[in-house]
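In what follows, a single structure is set out as structure tokens and then discussed.
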Amino acid sequence: KQEARDVQSTADLVSRYMGQGQTKEAQALIARIAAKYPDNPAVIGMKNWGYTTDALAEWKAIIDEQNKKNFFENSVLRK
């Protein structure tokens, strides 16, 4: 699913920027993904939880859970 891939790649980039202290760049990425997928739970989390390291871990976990769900749904539907 394209949305999941977009959110995952954004989360990875934001995490990298945050780790390098580039918060403005991270915030810009979050704003862009929020405009594209405003109803995505992980994106909402990115916006609402702020830009702390703990928040990054939390919304990455949400993304991982979404990816697992998508994998399961795709596997079941293909059978």
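- The CD1 atom of Ile63 sits 9.0 Å away from the OG atom of Ser9 when rounded to the nearest 0.5 Å.
- The line from NZ of Lys1 to CG of Asp6 is 11.0 Å long, rounded to the nearest 0.5 Å.
- Checked by atom type, the side-chain pair Gln8/Arg5 shows no donor-acceptor distance below 3.5 Å.
- If you take CE on Met46 and CD on Gln27, they are separated by 13.5 Å, rounding to the nearest 0.5 Å.
- For the atom pair CZ of Arg16 and CG of Leu29, the computed distance is 10.0 Å after rounding to the nearest 0.5 Å.
- Between Ala42 and Val7, the closest heavy-atom pair is CB-CG1, 3.9 Å.
- Here CD of Gln22 is found 10.5 Å from CG of Leu13. Values are rounded to the nearest 0.5 Å.
- By the 4.5 Å heavy-atom criterion applied to side chains, Val14 and Glu25 are not counted as neighbours.
- Distance CD/Gln2 to OH/Tyr37: 5.5 Å, rounded to 0.5 Å.
- With a 4.5 Å cut-off on side-chain heavy atoms, Ile30 and Thr10 do not count as touching.
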